[in-house]
Q: 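Quick one: this structure, given as structure tokens, is what I'll be asking you about.
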Number of protein chains: 2
Amino acid sequence: MSTKQPDCLQCAMREHSIFAGLSSEDICQLGMDVHDIHVTAGTTIYHESDPAQYAYTLRQGGIKLVKSLANGHAQIVRLLHRGDLFGFEGLRSDQHRHSAIALTGTDLCRLELRALDALSQRLPAMREAIFARWQQALQEAEDRIVELGAKKADARLATFLCQWCIAYRQQRAAPFPLTRRDLGEFLGLSTEHVSRIMADFKRQGLLHEHKGQIEIPEPQKLLRHACSDDTSA
Amino acid sequence: MSTKQPDCLQCAMREHSIFAGLSSEDICQLGMDVHDIHVTAGTTIYHESDPAQYAYTLRQGGIKLVKSLANGHAQIVRLLHRGDLFGFEGLRSDQHRHSAIALTGTDLCRLELRALDALSQRLPAMREAIFARWQQALQEAEDRIVELGAKKADARLATFLCQWCIAYRQQRAAPFPLTRRDLGEFLGLSTEHVSRIMADFKRQGLLHEHKGQIEIPEPQKLLRHACSDDTSA
DNA sequence: CGTCCAATTGAAACAAGTCAATCTATGTGG
DNA sequence: CCACATAGATTGACTTGTTTCAATTGGACG
């Protein structure tokens, strides 16, 4: 893990972060220790039930938030993309509620929770920004509940892959650092089952995969294939 | 649906609500139209994708928040207990994100979202209270993701029943207005499967049920029974 | 007493998980 | 450059978990 002092004013992320809308003076007077951090794939940034000291903004790379069960199963609670804020459950609780693990080499911006809390009291724009992310996380979590509770494996996988690609829609092929096991832990499936369904999709030309990238030629087709509960009477 | 003007100062819920910590003067100057509402079992309080106008505090009774899928399945996203605030996703979005349906006869306190938003700007205590509920909802949602993604039917049901009873721990037997179908829609299972597992639990004396009440003599035993993935080598 | 709806049960079909073997690609050290 | 070790992906055969469909039971209520 490497660390350095950043120049927040020049940050490319700035207008997509919780600091969006703050003036340059505000930024200069943050009075918070901010660190740029780089970690390699597989690094655990913090552990479930670690005392929470920092929140992070993901500047580049991929992160999974994981909860582990007594029975040996792990569940990925959330997957993070460029620009996402995480670890902020520490604003309300003393401990982190999941482990954060890098899927790829990753650039992070580390923020002190205590300072973040104080700032959000002082700067309404920041408070709103944090609130908005909290709310977005809830919405996504509720959508996941529906996916996990009401859909079958192939439909879950299809909608997930389509959403993933939408998040990278500017590119023809989306970077895809997830292993079959990651997919399984995210979707509540065994790695073998994920592998079989992926292989099916590929055989049917609904999906292509090379060297850590995927491409879905016709998302609608993939969704139709997997989600139709064929009540086509 | 019946409605009346309440006396908020006398409200038994007050110190458990988002108005906790406000002075009597604050309460008198809320400047918000508050209505006490009573609805009967089965009433839909609002529909998914209805324009959001109100949030509600549940004073008495039970509510389910439901999302419906194209394939005909419904998923209960959250179950609400006495004191819970709901409908507040309308603070951030124009529409409700789920339908709210009464499980029993229910007393509600209806709050105007616009006014609530304005008040939370003015009164830090209230802002914090709303924030806290949002955060609690996220935590619960993430726990549900783990349940749905990583556990089998009997374990899901067992942990749910135990948590339900803990919420009513003062009483020997907890009120239980959920049908087998409700349980299925909450846990992502068919009603028949729920019925079978419940019957099993009852046959083994892990669970008793009479007239809309349930009792779990030894919660640990029930959990042990259902959650042990018997890696007991 | 008959009606209605929820709960239960059984049998069969289907979905998903497990275990074990093989097949890759990739990287390592000789 | 090759032989080998490693980790992920794939596949097959089998087992277990869950749903579906259909029939039956049971209770609440007019």
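Residue numbers start from 1 in every chain, and the chains themselves are labelled A, B, ... in the order their sequence lines are given, proteins ahead of strands.
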Q: My understanding is that only one of B:E192, B:E209, B:E185 makes a salt bridge (Lys or Arg N to Asp or Glu O under 4.0 Å) with B:R180; could you say which?
A: B:E209
Q: What I'd like to find out is whether the side chain of A:L183 reaches to under 4.5 Å of the side chain of A:H193, using heavy atoms alone.
A: no
Q: Where along nucleotides 8-18 of chain D does protein come under 4.0 Å, by heavy atom, of base (B) or sugar-phosphate alone (S), with - for untouched nucleotides?
A: -SBBBB---SS
Q: Return the value, rounded to whole Å, for the distance between atom NE2 of B:H73 and atom C1' of D:dT19.
A: 9 Å
Q: B:F186 ring centre to B:R181 NZ or CZ under 6.0 Å, with the angle to the axis within 45°?
A: no
Q: Round to the nearest Å and state the distance from A:L157 atom CG to C:dA15 atom P.
A: 16 Å
Q: Check whether any side-chain N or O of A:K211 sits under 4.0 Å from OP1 or OP2 of C:dT24, and answer yes or no.
A: no
Q: Could you give the side-chain donor-acceptor pairs of residues 46-60 of chain B under 3.5 Å, partners two or more places apart or in another chain?
A:
from: B:Y46; atom 1: OH; to: B:G87; atom 2: N; distance (Å): 3.4
from: B:E48; atom 1: OE1; to: B:S68; atom 2: N; distance (Å): 3.3
from: B:D50; atom 1: OD2; to: B:H47; atom 2: N; distance (Å): 2.9

Q: B:L108 versus B:R110: any side-chain heavy-atom pair under 4.5 Å?
A: no
